[in-house]
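Below is one structure, written out as structure tokens; the observations come after it.
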Amino acid sequence: MLDLKFLVSNPHEVKDNLARRGEEIDIDSIIELNQKRKDFIKEVEVLKNKRNEVSKKIGELKRQNKDISEITKEMKTVSNKISEYDSEIKMIEEDINGILIRIPNMLLPEVPDGKDESENILSHEWGNRREFDFDPKPHWELAEKLNLVDFNRGAKIAGSRFSVYIGAGAKLERALINFMLDKHSENGYTEVIPPLLVNSATMTGTGQLPKFEDDLFKCERDGLYLIPTAEVPLTNIYAGEILQGENLPLKFMAYTPCFRREAGAHGQDTRGLIRQHQFNKVELVKIVTPETAWEELKKLLEDAEDILRQLCIPYRVVKLCSGDVGFSAAFTFDIEVWLPGQKCYREISSCSIFTDFQSRRAGIRYKVKGKKGTEYPYTLNGSGLAVGRTFLAILENYQNQDGSIVIPEVLRPYMNNVEVIS
RNA sequence: GGAGAGGUGGCAGAGUCCGGCCGAAUGCACCGCACUCGAAAUGCGGCGCCCGACUUGCUCGGGCCGGGGGUUCGAAUCCCUCCCUCUCCGCCA
């Protein structure tokens with residue numbers, strides 16, 4: 001969330017930012033509420049000071065066995081007044097927080113203007129799109145024919161947007177997971193197996209709550225939510241803690257299934273593996289000092305891109321424009337893979353810098369040696385990569401005319417050296 | 001699920017029975033200074049977080065002892081409630 005002090009002293013910047021994102025939130029009412037809050041605090045603190053002093057005196061008088069009934073009665077009314085003020089202040093603070101927690105992050109100046117994904121800016125491209133001497137099929141046809149994924153039985157067991165990976169399909173998925181984890185391990189990320197269910201404080205820390213409750217699966221009875229990405233548990237590992245500055249940057253990675261309700265995506269990508277309620281993802285998360293944030297984001301992006309390069313799958317990287325950057329993010333690079341079966345690019349990774357937005361929400365701070373006070377670190381994350389989408393990208397890019405699939409060389413050691421699935 | 005014990009500053013650990021002089025002893029860690037060629041050891045001093053005020057100061061005030069609520073003039077301390085940890089029993093992958 002934004003720093004209240006920043007908001008109060010820079011209301012125009014905050015409003016401009018909302019405009020760039022195409023959102024509307026009443027900023028002035030926060031400023032008014034905050035002024036009211038300060039006024040009440042000023043008054044109640046005078047009373048509390050009095051109460052503290054008199055209470056001290058009462059202690060002394062009591063020890064001397066003197067009569068305190070009169071002074072006690074007087075203080076009773078002071079105390080009552082204090083609790084009235086306190087509850088008023090608390091209500092105001094709840095109001096302020098209720099708005100503040102729904103304000104999106106400030107975009108960095110590097111974010112290009114634009115209303116939606118159509119105005120994202122190409123950063124760079126890699127790889128050559130393969131020339132096919134036949135009409136390449138979409139992955140769902142390939143997967144079904146080879147019996148790698150059973151969409152119908154997934155729907156039978158769980159519902160639409162669920163699928164069953166079978167045999168070589170399941171093996172290929174697992175090979176991808178292990179390949180990605182091993183690669184990132186070499187690049188210094190610490191492997192983590194986090195909880196897949198988390199509480200609401202954790203979801204609030206990274207920004208999924210309160211605004212995006214409808215996109216989450218919730219276990220009502222236990223007050224727990226299925227994670228939509230490992231970003232959530234990984235970023236919150238140090239929630240509420242004070243880190244030592246010299247230990248930054250911290251680099252974590254995790255493979256987890258991810259769960260999304262996809263509310264509002266009815267009718268979109270209903271076929272195939274593109275948009276599932278449950279999918280596998282390897283996620284990269286960094287906690288860094290503000291000075292190194294850009295450098296670390298570029299490295300993270302590089303780490304994610306490297307997976308596609310090793311797999312020899314063409315892709316492009318785009319800078320998200322102001323209207324497309326997510327709620328918590330301040331800047332985002334998307335990596336999009338080429339899918340010849342569908343003749344389009346699809347997002348396979350989103351690498352973002354969150355500035356201090358998440359760390360402030362989650363209460364992650366760090367201390368610099370010799371400096372007093374604490375500071376909020378920047379958090380970064382990116383998919384490295386979405387496994388299901390990598391799986392389908394392999395199918396579409398490595399397909400043969402007969403419907404068989406060549407296994408990319410780097411994956412063969414993870415698949416008993418199988419070269420072709422047919 | 002049942003019974004019990006406990007959650008205090010970066011860590012360890014007193015204080016809680018008998019409410020006030022406790023934002024909190026002591027030790028460790030950390031940071032200055034002294035000693036030293038340097039280091040260790042030792043000695044001295046410092047050492048939490050958040051909010052508010054203005055005369056922006058090595059200032060003043062308020063709040064914080066797992067979260068929330070209550071009793072009281074006054075709560076780390078008493079009561080209620082929730083969360084978490086540990087031990088034992090039961091059940092179970």
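Values reported hereafter were calculated over all heavy atoms of this structure, with side chains retained and with hydrogens, waters and symmetry mates removed. The chains referred to below are lettered A, B, ... by the order of the sequence lines, with proteins before strands, and numbering in each begins at 1.
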Taking pairing as Watson-Crick or G-U wobble with both contacts under 3.5 Å, can you name the mate of [N], or confirm there isn't one?
N: B:G4; value: B:C86
N: B:C64; value: B:G48
N: B:U77; value: none
N: B:A53; value: B:U59
N: B:U71; value: none
N: B:G9; value: none
N: B:G43; value: B:C33
N: B:C92; value: none

What is the distance, to the nearest angstrom, from the [atom1] atom on [X] to the [atom2] atom on [N]?
X: A:Ile242; N: B:G9; atom1: CD1; atom2: C1'; answer: 10 Å
X: A:Glu43; N: B:G52; atom1: CD; atom2: P; answer: 16 Å
X: A:Leu4; N: B:G52; atom1: CG; atom2: C1'; answer: 13 Å
X: A:Asn97; N: B:C50; atom1: CG; atom2: C1'; answer: 14 Å
X: A:Ile68; N: B:G19; atom1: CD1; atom2: P; answer: 14 Å
X: A:Met75; N: B:U72; atom1: CE; atom2: P; answer: 15 Å
X: A:Asn247; N: B:C30; atom1: CG; atom2: C1'; answer: 14 Å

Touch class at under 4.0 angstrom, heavy-atom based, for A:Lys367 against every strand present: sugar-phosphate
Sugar-phosphate only, base, or nothing, as touched by A:Lys5 at under 4.0 Å among non-hydrogen atoms: sugar-phosphate
Compare side-chain N and O positions of [X] against OP1 and OP2 of [N] and report whether any pair is under 4.0 Å apart.
X: A:Lys90; N: B:C51; result: no
X: A:Asn49; N: B:G61; result: no
X: A:Ser83; N: B:G70; result: no
X: A:Arg37; N: B:G52; result: yes
X: A:Asn52; N: B:G63; result: yes
X: A:Lys76; N: B:C73; result: yes
X: A:Ser79; N: B:G74; result: yes
X: A:Arg51; N: B:G62; result: no

Taking the six-membered ring for Trp, is the centroid-to-centroid distance between [X] and [Y] below 6.0 Å?
X: A:Phe391; Y: A:His139; answer: no
X: A:Phe357; Y: A:Phe327; answer: yes
X: A:Phe331; Y: A:Phe333; answer: yes

Side-chain H-bond candidate by donor/acceptor type, A:Tyr414 with A:Arg174, under 3.5 Å: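 The criterion, which ignores hydrogens and geometry beyond distance, is not satisfied for A:Arg174 and A:Tyr414.
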Main-chain N/O of A:Arg153 paired with A:Asp150 side-chain donor or acceptor, under 3.5 Å: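 Confirmed, A:Asp150 side chain pairs with A:Arg153 backbone.
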A:Ser322 side chain vs A:Arg20 backbone, donor-acceptor pair below 3.5 Å: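 Pair found, side chain donor or acceptor close to backbone of A:Arg20.
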A:Arg365 side chain, from C-beta outward: closest of B:C49, B:C73, B:G52: B:C49
base_contact_polar (B:G74 base, A:Lys56 side chain, donor-acceptor, <3.5 Å): no
Test item: A:His184 and A:Asp303 side chains (from C-beta on) under 4.5 Å apart, heavy atoms: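 Heavy-atom side-chain distance check passes, below 4.5 Å.
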